Structure formats: structure tokens, C-alpha cells
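To find a chain, count down the sequence lines: A is the first, B the second, and so on, and within it residues start at 1. All of these numbers come straight from a predicted model, not from anything done at the bench.
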There are 2 protein chains.
Amino acid sequence: MIDKTLIEHSQAACDALSADDDGLKRDVLTHAGNRWSLGIVHTLGVAGKLRHAEIGRRMSGVTQRMLTRTLRQLERDGLVIRHDYREMPPRVEYELSPLGYGLLTQMIPLWMWVIENADGFRAARERFGDAEADDE
Amino acid sequence: MIDKTLIEHSQAACDALSADDDGLKRDVLTHAGNRWSLGIVHTLGVAGKLRHAEIGRRMSGVTQRMLTRTLRQLERDGLVIRHDYREMPPRVEYELSPLGYGLLTQMIPLWMWVIENADGFRAARERFGDAEADDE
DNA sequence: CAGTATCCTTGCGGATACTG
DNA sequence: CAGTATCCGCAAGGATACTG
């Protein structure tokens with residue numbers, strides 16, 4: 001059975017939050033859910049400051065296009081800082097902003113929870129994946 | 001300046017997590033980032049058990065199509081439980097699963113952080129939104 | 001009431017080729 | 001090296017109409 005106080009606590013917290021912009025939260029999660037965003041934030045969080053190509057090297061599968069796109073997105077979101085040294089050949093480095101580090105920090109407990117409950121998610125997938133996966 | 005120990009703590013935690021499936025985390029966030037997922041989870045978390053139409057009434061803007069789609073998605077993800085009473089006229093109720101309540105709980109600190117840092121996000125938007133919003 | 005069935009637009013993500 | 005420029009397929013999201 002579920003802890004009732006947990007639910008009530010959630011209620012109180014959610015009510016307080018509902019007053020603010022609900023779209024902002026979804027916005028952040030939408031961008032965070034994009035294919036490469038989490039990986040880049042994670043990589044920059046671990047490595048500190050990296051060049052464009054170096055990020056690409058550490059994240060197998062990403063194309064230059066998507067890397068640039070995602071980095072620009074993260075920059076617009078204020079999570080990543082871009083340093084263009086205006087040299088020839090070009091040298092550009094990316095690093096997490098304080099906001100980016102903050103997000104990374106906030107994400108960690110969530111990630112751990114997801115992994116702890118991976119079985120639960122997979123179980124749900126199997127229950128429904130076989131039955132009605134084909135119609136979507 | 002940013003707390004260095006924070007970064008190192010993040011590093012350690014992230015390294016531990018990287019070993020596991022990175023796609024799963026992104027998967028959860030992708031679904032959570034979908035247009036109506038958060039709102040539904042929040043609504044069900046606060047209200048408990050609701051009928052299809054009642055959810056729609058509490059979330060202005062959602063169409064029946066998207067409501068059904070999102071609910072089905074959440075059901076497949078194991079976050080929401082669907083009760084079909086097989087009556088006529090139809091009566092179907094939705095409620096959060098334990099996993100759903102768990103996710104909601106995990107989300108709350110993240111949401112609070114997002115709202116606390118809303119100024120930071122908006123500031124970033126304004127800095128870049130004006131300059132290069134037109135080319136995307 | 002609780003959905004499906006269509007049709008449409010938008011944006012993500014990828015492949016490939018090119019440029020300063 | 002750090003990008004752009006084009007091309008494409010796919011899925012999210014929305015509008016509208018219909019059904020058991």
C-alpha cells in the first residue's frame with residue numbers, strides 16, 4: 001500500500017507549484033528529454049570544459065548536426081556556456097553554466113530512482129508491449 | 001563560483017549511473033516531457049482517482065485524442081492504472097500506480113528547483129531569443 | 001461517456017555533402 | 001575544426017468528425 005502522508009505531501013507541494021507556470025516545467029523536461037541533451041550535460045558535468053569534437057568523440061552515435069543543434073538548444077536554455085576563441089582553425093569550448101550544474105544535481109536523485117525502478121518500468125512494458133504495441 | 005565538491009559528487013554519482021542503461025533515463029524523461037504527461041500525473045496525484053472526462057475538465061486545452069493517447073502511454077509505462085467498469089454508458093477511471101506516485105515524488109524537488117530558477121531560464125531566453133530566434 | 005478515425009502541421013533526428 | 005545546407009522519415013500534437 002502507498003504511504004498516505006507521501007500523497008498528501010505531494011498534494012501540498014504540487015498545489016504550491018501549480019500557481020506558477022506549468023509550461024516552464026514541461027519545457028525544461030521536454031528539452032532534457034531530447035535525444036542528446038542529457039548525455040551532453042552529463043559529459044560536460046564530468047569532464048568540465050570540452051571542445052565540440054571532443055564531446056562528439058565521447059558520445060558515440062551523435063552527428064555533427066545534432067551535436068550543434070543540441071548544444072545551441074542548451075545554450076539558449078542557459079545550461080551551457082559557449083566559448084568561441086575566434087581562432088583559425090576554429091576552437092570552441094563548451095561548459096556547464098551554474099544553472100546547468102544545478103540541473104545536473106537535481107537530476108541525479110531522479111536518475112537513481114529511475115534505475116532503481118527499472119524493473120518496474122520493464123515489467124510494465126512487457127505487460128502491455130506484447131498486447132498492444134502494434135497499434136502505435 | 002560553483003561548489004567544487006558538488007561537481008565531484010555529481011561526477012561520482014554519474015559515473016555509477018553511466019554503467020546502467022542511459023537510454024532508460026532519457027526514455028522516462030522523454031515521456032515525462034510529452035505535452036500532457038506531467039499535468040495528468042500531477043492531477044491524478046492530487047485528486048486520486050478520476051474519470052476520463054474529469055481529467056479533461058481539469059486540464060484545459062487537452063483534446064480527447066491527446067488525453068487518451070497520453071493516458072495509454074502512461075499506462076504502458078506503468079505509471080497509471082486504468083479501471084474499465086464495462087458499463088453502459090462507459091465508465092473508466094484512472095489513478096496513479098505506486099510507480100506513478102514514486103515518479104511524482106521524485107519530480108517535486110526538481111519542479112521546485114525549476115521554479116526557483118525560473119528567472120535564470122527566462123534570462124537565458126531573453127539573451128538569445130531576441131538575437132537568433134528568427135533562424136530556427 | 002470514452003473513445004476511434006482522418007487529416008494536417010511541426011519539429012526531432014539522421015544522412016550526406018559542403019564551407020571558412 | 002566547427003560548423004551550414006539539404007534532403008528525408010517519423011512521431012508528437014492538434015482539429016474535426018464519427019461511434020458503441
K.L.:
Starting at CG of A/L50 and ending at C1' of D/dC1, how long is that distance when rounded to a whole Å?
P.N.:
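Going from CG in A/L50 over to C1' in D/dC1 covers 15 Å.
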K.L.:
What residue pairs, at least two apart or across chains, pass salt bridge (charged side-chain N to carboxylate O under 4.0 Å, His left out) with a residue in residues 87-96 of chain A?
P.N.:
A/E87-A/R91, A/R91-A/E93
K.L.:
Going 5' to 3' through nucleotides 14-20 of chain D, assign each nucleotide B (protein heavy atom under 4.0 Å from a base atom), S (under 4.0 Å only from sugar-phosphate atoms) or - (no protein heavy atom that close).
P.N.:
BB----B
K.L.:
Report the distance from atom NE2 of B/H31 to atom P of D/dA12, rounded to the nearest whole Å.
P.N.:
7 Å
K.L.:
Ignoring backbone atoms, establish whether A/Y94 has a side-chain N or O less than 4.0 Å from OP1 or OP2 of D/dG3.
P.N.:
yes
K.L.:
According to the salt bridge (charged side-chain N to carboxylate O under 4.0 Å, His left out) rule, which pairs have a member within residues 37-61 of chain B, sequence neighbours left out?
P.N.:
B/E54-B/R57, B/E54-B/R58
K.L.:
Tell me the salt bridge (charged side-chain N to carboxylate O under 4.0 Å, His left out) pairs involving residues 26-44 of chain A, sequence neighbours left out?
P.N.:
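For residues 26-44 of chain A, and leaving out neighbouring residues, the salt bridge (charged side-chain N to carboxylate O under 4.0 Å, His left out) pairs sorted by first residue read A/D27-B/R125.
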K.L.:
Got a sec, which residues hit side-chain hydrogen bond (donor to acceptor under 3.5 Å, both in side chains) with B/R122, two or more places apart in sequence or on another chain?
P.N.:
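Listed in chain order: nothing, the list is empty.
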K.L.:
Tell me every residue that passes side-chain hydrogen bond (donor to acceptor under 3.5 Å, both in side chains) with B/N117, counting only those two or more places apart in sequence or in another chain.
P.N.:
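So B/N117 forms a side-chain hydrogen bond (donor to acceptor under 3.5 Å, both in side chains) with B/W113.
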K.L.:
Ignoring hydrogens and geometry, is there a side-chain-to-backbone donor-acceptor pair from A/S97 to A/G78 under 3.5 Å?
P.N.:
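The answer is yes, because a donor-acceptor pair under 3.5 Å joins these two groups.
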K.L.:
Quick one: A/D84 CG to D/dC1 C1', roughly how many Å, whole number?
P.N.:
11 Å
K.L.:
So, is B/R69 close to the C/dT4 phosphate, meaning a side-chain N or O under 4.0 Å from OP1 or OP2?
P.N.:
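Checking C/dT4 against B/R69, no side-chain N or O comes under 4.0 Å of OP1 or OP2.
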K.L.:
Could you tell me whether a side-chain N or O of B/D84 sits under 3.5 Å from a main-chain N or O of B/R86, the two making a donor and an acceptor?
P.N.:
yes
K.L.:
For the pair made of CD1 in B/I55 and C1' in C/dA2, what is the distance, rounded to whole Å?
P.N.:
11 Å
K.L.:
Strictly below 4.0 Å: does B/R51 bring a side-chain N or O up to OP1 or OP2 of C/dG3?
P.N.:
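So the side chain of B/R51 is outside the cut-off, no N or O lying under 4.0 Å from OP1 or OP2 of C/dG3.
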K.L.:
Can you give the dot-bracket line for DNA chain D, where a pair is Watson-Crick or G-U wobble with both atom distances under 3.5 Å, crossing pairs use [ ], and | marks a partner on another strand?
P.N.:
||||||||||||||||||||
K.L.:
Among all residues two or more places apart in sequence or in another chain, which pass the side-chain hydrogen bond (donor to acceptor under 3.5 Å, both in side chains) test with B/R65?
P.N.:
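Here no residue qualifies.
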K.L.:
Going by the rule side-chain hydrogen bond (donor to acceptor under 3.5 Å, both in side chains), which residues pair with B/Q64 if we only count those two or more places apart in sequence or in a different chain?
P.N.:
none
K.L.:
Does C/dT4 have OP1 or OP2 under 4.0 Å away from a side-chain N or O of B/R72?
P.N.:
yes
K.L.:
Between atom CZ in A/R91 and atom C1' in D/dG3, what is the gap in whole Å?
P.N.:
16 Å
K.L.:
Grab the CD-P distance between A/E54 and D/dG3 for me, whole Å please.
P.N.:
15 Å
